[in-house]
Amino acid sequence: VRTQVGIVGAGPAGLLLSHLLYRAGIESVVIEARSRDHVEQRQRAGVLEQGTVETLIAAGVGERLQREGMVHEGIDFRFDGTAHRIDVKWLSGGRVVTVYAQTEIVRDLIAARVGDGGVILFASEVICIDDIDGDTPVIRFRHDGSEHTLACEYVAGCDGFRGVCRDAIPEGVLTTYRRDYPFAWLGILAEAPPGSHEVIYAYHDNGFALQSMRSPRVSRLYLQCPLDDDAVDWSDDRIWSELHARLAADGFALREGPITQKAITGMRSFVVEPMQYGRMFLAGDAAHIVPPTGAKGLNAAVGDVRVLAAGFEEFYRRGKSDLLARYSDIALRRIWKVERFAASLCTMLHRFDGDDAFTRRMQLADLAMITSDPLAGMIYANNYAGLPFEV
Ligand SMILES: Cc1cc2nc3c(=O)[nH]c(=O)nc-3n(C[C@H](O)[C@H](O)[C@H](O)COP(=O)(O)OP(=O)(O)OC[C@H]3O[C@@H](n4cnc5c(N)ncnc54)[C@H](O)[C@@H]3O)c2cc1C
């Protein structure tokens, strides 16, 4: 079997790339290790930058997003027991974010690809990629117990942080930049309406807490917890009691409801450079990870895919490979700004073991600055609503 672009991974990066290539008349095959059901149920991101929303609408997959997505014009920071709203729309010159779960984007993209006759091979685990620096790279994958190959002109490694594409690049080519944070997030889904329209970021002596939502009836809530905690040690009562304590502010009532999912996630900042080697390009989490504090992971993947899809279009339509050759440089320029934003928010909002009183004062001074100084607020709002795309 042959194709023009072999895509490893049916997460948001791989699916959007395949969809954009189809619209540009370029063939692709997506190979995904997990089942369709698993991929469509996997709970992850939910806050979309304005540019991400515009990209999905322009690509013809934004109909349900426009109907069901919840537009947010601000964000609430809580510290010292008080709520401080940042007017993101006003401070960013009219831009907003939209809450629409990653699961829904993945469903919309899969439905579009399947509807257009696209090929997504689910339950097919890629084992390795041969000849990345030759003319015809070959993706080797396992499906139903037997091995298969896909020969391609190019490979897009959209297989997330734990995928195989990054490791297929010869040693010594990539430079890795990494920071692991000494805490984790306990994330829950609860069948309870969110207690506030806005997403809430709370700085508290017990640790960070966040209230977000997946729909008007389902809340997504997070608590900072020790890295070695197990979700089973967190009873529902303990979770609600910590959430009440950390999110408390005058006039706010947290709504409780049945907890339907509970999971603990570690946090890291991670970037590899360059994001391409031979005929393979890395996109999304395969090339970079951010701590989830700024809600940037999915949005960063969309930024990469825009550049990569435009590069393939220029190559296949006009025979020019200039944009493909510059893919890594263009994508990384935006990624490092996104990494800076996510890492600085993470550092400002969490308790680190051994923090001294001075460090805590600095965190509070940073929070006071972005919530009271319009210039600092503008920088925050522009990053939160999404930095511009170069391509
Ligand atoms: C637990 C968790 C919670 C998160 N929460 C948030 C959040 O609240 N906000 C936010 O902005 N971001 C969040 N993120 C980050 C965000 O979800 C990711 O940045 C986003 O999914 C990146 O998309 P992607 O397509 O690059 O990678 P992924 O979504 O990881 O997709 C990669 C795909 O490749 C497949 N794959 C892997 N290996 C192979 C293989 N060998 N063969 C074939 N297929 C393979 C995987 O099964 C997967 O479907 C979270 C991430 C995780 C892991």
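Remember, it's 1-based here, ligands and their atoms both numbered in the order they're listed.
Considering backbone and side-chain N/O of Arg42, one or more are found under 3.5 Å from N/O of ligand 1. At least one N or O atom of Ala13, backbone or side chain, sits closer than 3.5 Å to an N or O atom of ligand 1. For ligand 1, the polar-atom distance check against Lys296 finds a nitrogen or oxygen pair separated by under 3.5 Å. Among the atoms of Val126, some N or O lies under 3.5 angstrom from an N or O of ligand 1. Looking at ligand 1, you won't find any N or O of Gly46 less than 3.5 Å from one of its N or O atoms. Note: an N/O pair closer than 3.5 Å links Ala33 and ligand 1 by distance alone.
Regarding atom 37 (C) of ligand 1, its nearest protein heavy-atom neighbour is Asp159 O, 3.2 Å. In terms of protein heavy-atom proximity, atom 10 (C) of ligand 1 is nearest to Ala45 CB, 3.1 Å. The shortest contact between atom 21 (O) of ligand 1 and any protein heavy atom is with Gln102 NE2, 2.8 Å.
Ile7 contributes atom CD1, which lies 9.5 Å from atom SG of Cys152 (distance to the nearest 0.5 angstrom). Rounding to the nearest 0.5 angstrom, the gap separating the CD1 atom in Ile75 from the OG atom in Ser196 is 10.0 Å. The CD atom of Glu54 lies 8.5 Å from the CZ atom of Arg95; values are rounded to the nearest 0.5 Å.
Contact annotation: for Ser124 versus ligand 1, heavy atoms closer than 4.0 Å belong to the backbone alone.
In this structure, Glu49 pairs ionically with Lys296, as a charged nitrogen and a carboxylate oxygen lie closer than 4.0 Å. Between Asp180 and Arg178 a salt bridge is recorded (basic side-chain N to carboxylate O distance below 4.0 Å). A salt bridge is absent between Arg279 and Glu153; no separation between the charged side-chain nitrogens and carboxylate oxygens falls under 4.0 Å.
For ligand 1, the atoms lying closer than 4.0 Å to a non-hydrogen atom of Arg34 are 47 (O). Atom numbering of ligand 1 starts at 1 in the shown order; those under 4.0 Å from a heavy atom of Gly160 are 27 (O), 30 (O), 32 (C). Those atoms of ligand 1 that come under 4.0 Å of a heavy atom in Cys158, given as number and element, are 32 (C), 33 (C), 34 (O). Each of the following atoms of ligand 1 lies closer than 4.0 Å to a heavy atom of Gly163: 38 (N). In summary, the atoms of ligand 1 found under 4.0 Å from a heavy atom of Tyr222, numbered by their order in the structure, are 8 (O). Distances below 4.0 Å separate heavy atoms of Gly9 from the following atoms of ligand 1: 33 (C), 34 (O), 35 (C).
Selection from Gly284, Gly11, Pro12 by nearest heavy atom to atom 23 (O) of ligand 1 gives Pro12. With Glu125, Arg162, Glu32, Arg44 as candidates, the residue nearest to atom 3 (C) of ligand 1 on a non-hydrogen basis is Arg44. Nearest-residue assignment for atom 26 (O) of ligand 1 (options Asp285, Leu17, Ile31, Leu298; heavy-atom criterion): Asp285.
In this structure, Phe281 and Phe312 have perpendicular ring planes: the angle between them is above 60°, well past the 30° mark. Between Phe341 and Tyr380, the ring planes lie tilted relative to each other; the angle falls in the 30° to 60° range.
Side chain of Arg246 to main chain of Gln224: a donor-acceptor pair is present (N/O by atom type, distance under 3.5 Å, no hydrogens or angles). Under the 3.5 Å distance criterion, the side-chain polar atoms of His204 are matched with a main-chain donor or acceptor of Asn206.
The shell of residues lying under 4.0 angstrom from ligand 1, judged by heavy atoms, excludes Arg220.
Checked against a 6.0 Å centroid threshold, the rings of Tyr222 and Tyr201 do not count as neighbours. If you look at His84 and Phe77, their ring centroids are not closer than 6.0 Å.
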